[in-house]
Amino acid sequence: MEKNRRWWALVAVALGTFMTYLDNNVVNVALPSIQRELGLTISGLEWITSAYILVFAGLLLAGGRLGDVVGHRMVFLSGLGIFTVASVAAGLAGSQELLIGARAAQGIGAALLSPAALALIQEFFPDPKERGTAIGIWGAVGALALAVGPLTGGVLAEHVSWGWIFLINLPIGVATFALSMITMPRGQATRQANFFRRMDPIGLITSSVALFALTYGLIEGDAKGWTSGLILGSFAVAAVAATAFVVQQSRTEDSMVNLAFFRLRMFTGGLLAMGLWAFGVFGIYFYMAIYLQNVLGFSPTEAGAGFVPLALITAVGAVLAPRFEARFGVARVTAFGLLVMGASILGIAQYGEGTHYLDLLPWFALYGVGGGLLIPLSNVVLGALPSERAGIASGMLNVSREVFGLLGVTVLGAILSNRAGASTGTELHRYLVGYQTALVVASILILVGVPLSLWMLRKAKPVGPEPVVPVLEMV
């Protein structure tokens with residue numbers, strides 16, 4: 001593949017990823033406007049967000065496997081097309097049911113697009129050094145979406161119309177599709193006779209059921225009650241399906257997920273480190289956004305703008321991280337990134353009432369530095385597996401992010417609620433006690449990743465060549 005052409009293909013991949021990241025963040029600040037205009041119930045309002053996350057997380061492994069079997073280019077373009085059309089449907093939706101259905105369809109598109117995006121980067125950039133740079137750029141674009149999403153959602157919802165938070169995906173999607181068709185070479189056709197067997201239908205079903213059930217339990221646990229029959233049943237279904245998946249994979253010759261992969265330190269360590277990153281990023285973003293609005297009195301647009309410096313620094317860190325990894329090693333850079341993230345969260349936890357945004361800004365900046373250093377870790381996870389398994393490796397990486405991210409929101413929310421409920425004083429004081437406790441716990445969990453990364457991501461000691469035995473000694 002020509003050098004200039006593949007960098008333009010990277011632009012297409014990054015734009016596709018930008019769309020999915022943007023849509024995952026743009027909705028939250030626009031929910032009040034959507035509720036007023038469509039007359040949504042509280043349950044319907046929650047499912048505008050949940051429908052997307054549930055379908056996206058549930059189908060990630062299926063999307064990754066499909067890319068490995070039929071080709072990542074085809075799956076990327078299919079996912080992009082579905083996501084773009086579903087975005088238009090969501091923007092024009094006139095009822096709760098249509099909007100939730102369109103959000104679920106967006107989840108299908110994102111589940112196809114996201115694993116294929118990383119796999120295509122590996123395909124276009126076989127050289128590890130160039131691939132590290134490419135993934136850094138890709139990660140920087142994703143970090144920018146974290147900044148642009150809440151700000152864009154707030155501005156459009158307040159000054160234009162909530163429908164445009166989805167309709168803006170149409171020109172981006174069309175441009176990305178055209179650029180992809182021009183720059184991405186066609187892959188080799190897959191023999192259809194092997195398609196059904198290679199897709200591993202039992203593995204697809206059991207993995208998807210497990211992820212759907214687990215994601216549903218994490219999303220609805222707080223609202224339904226963690227000890228309710230529905231939530232306990234959801235977790236039980238997830239456990240049974242996951243067990244069936246592991247058993248079936250161990251007995252299948254061409255399985256979706258070779259369980260031996262988990263014995264690779266780089267692969268498993270990379271997944272865990274990225275999971276801890278997602279726990280911090282998703283959980284802290286969510287509750288800091290609430291803090292900025294409920295405690296500092298920011299509007300939704302102002303709260304979104306408050307995250308822009310953090311996300312910009314994260315983007316810069318993602319671009320520079322491959323250079324640091326080449327010099328200091330992935331284990332040290334990852335451990336340092338987690339250390340900085342954990343320390344910055346402890347710093348943020350010091351502030352309660354009477355705080356100004358400028359007091360928080362240095363800690364936000366430090367948090368962005370740590371978060372940016374971990375984004376190129378995706379390259380380590382992809383590089384740990386054979387190239388023909390790039391789709392499933394990317395799918396598992398995305399699953400790690402989504403599940404740990406949901407755990408971040410869920411666990412920190414449970415800690416916040418329980419600690420606030422056990423405290424006395426004004427409502428604001430009780431909330432802040434819970435909020436600060438949740439941040440301290442998040443910091444401790446992230447700091448656990450420091451020794452874990454130093455151990456699991458260390459380079460294996462090179463093994464010297466076997467001594468050459470003279471021919472005369474063999475006779």
Side-chain angles (χ1 to χ4, degrees), residues 24-33 35-36 42 45-46 49 146-155 157-158 222-223 279-314 340-371 405-446:
N24 209 9
N25 294 282
V26 76
V27 176
N28 291 333
V29 294
L31 287 177
S33 300
Q35 184 179 27
R36 285 193 302 270
I42 296 298
L45 196 66
E46 291 172 348
T49 301
L146 294 177
V148 174
L151 180 60
T152 303
V155 170
E158 285 186 28
D222 190 50
F279 185 98
V281 169
F282 285 87
I284 301 304
Y285 258 79
F286 185 83
Y287 289 105
M288 282 199 299
I290 295 174
Y291 173 85
L292 290 176
Q293 294 179 65
N294 291 353
V295 180
L296 301 191
F298 281 25
S299 69
T301 303
E302 290 171 336
F307 287 107
V308 171
L310 186 158
L312 290 176
I313 293 171
T314 300
V340 170
M341 285 181 70
S344 62
I345 294 171
L346 279 178
I348 294 169
Q350 300 175 48
Y351 296 95
E353 299 177 57
T355 301
H356 298 285
Y357 175 74
L358 291 179
D359 298 327
L360 297 171
L361 188 57
W363 297 107
F364 276 22
L366 193 63
Y367 184 82
V369 170
L406 280 174
L407 280 172
V409 176
T410 301
V411 171
L412 297 185
I415 293 169
L416 191 157
S417 298
N418 291 336
R419 189 72 181 89
S423 303
T424 58
T426 64
E427 182 178 352
L428 177 59
H429 174 77
R430 286 186 283 111
Y431 168 79
L432 286 172
V433 169
Y435 167 75
Q436 291 170 323
T437 303
L439 290 187
V440 171
V441 172
S443 174
I444 293 171
L445 289 173
I446 289 171

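The analysis underlying the following values was restricted to heavy atoms, covering all of them including side chains, and did not include hydrogens, waters or symmetry mates. Positions are given from 1 along the sequence.
Closest non-hydrogen pair, Leu346 versus Ser443, comes out as CG-OG, 3.1 Å. For the pair Val440 and Ala349, the tightest heavy-atom approach, listed with the atom from each and the gap, is CG2-CB, 4.1 Å. Nearest approach of Gly342 to Ile446, heavy atoms of both residues: N-CG2, 4.0 Å. Closest of all the heavy-atom pairs between Ala420 and Arg430 is CB-O, 3.2 Å.
For the pair Ser344 (side chain) and Val340 (backbone), a donor-acceptor distance under 3.5 Å is present.
The distance from atom CG of Leu296 to atom OH of Tyr357, rounded to the nearest 0.5 Å, is 10.5 Å. The OH atom of Tyr435 lies 14.5 Å from the OG atom of Ser417; values are rounded to the nearest 0.5 Å. Rounded to the nearest 0.5 angstrom, Leu416 CG and Tyr291 OH are separated by 12.5 Å. Here Leu360 contributes atom CG and Gln350 contributes atom CD; the two are 10.0 Å apart, rounded to the nearest 0.5 Å. Note that the OH atom of Tyr367 and the CE atom of Met288 stand 5.5 Å from one another [nearest 0.5 Å]. Here the OG1 atom belonging to Thr437 is positioned 11.0 Å from the CG atom belonging to Leu412, to the nearest 0.5 angstrom.
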Checking side chain to side chain contact (heavy atoms under 4.5 Å, CB included) for the pair Phe364/Ile313: CA distance, chi angles, key distance, verdict? CA-CA 9 Å; Phe364 276 22; Ile313 293 171; over 6 Å; no
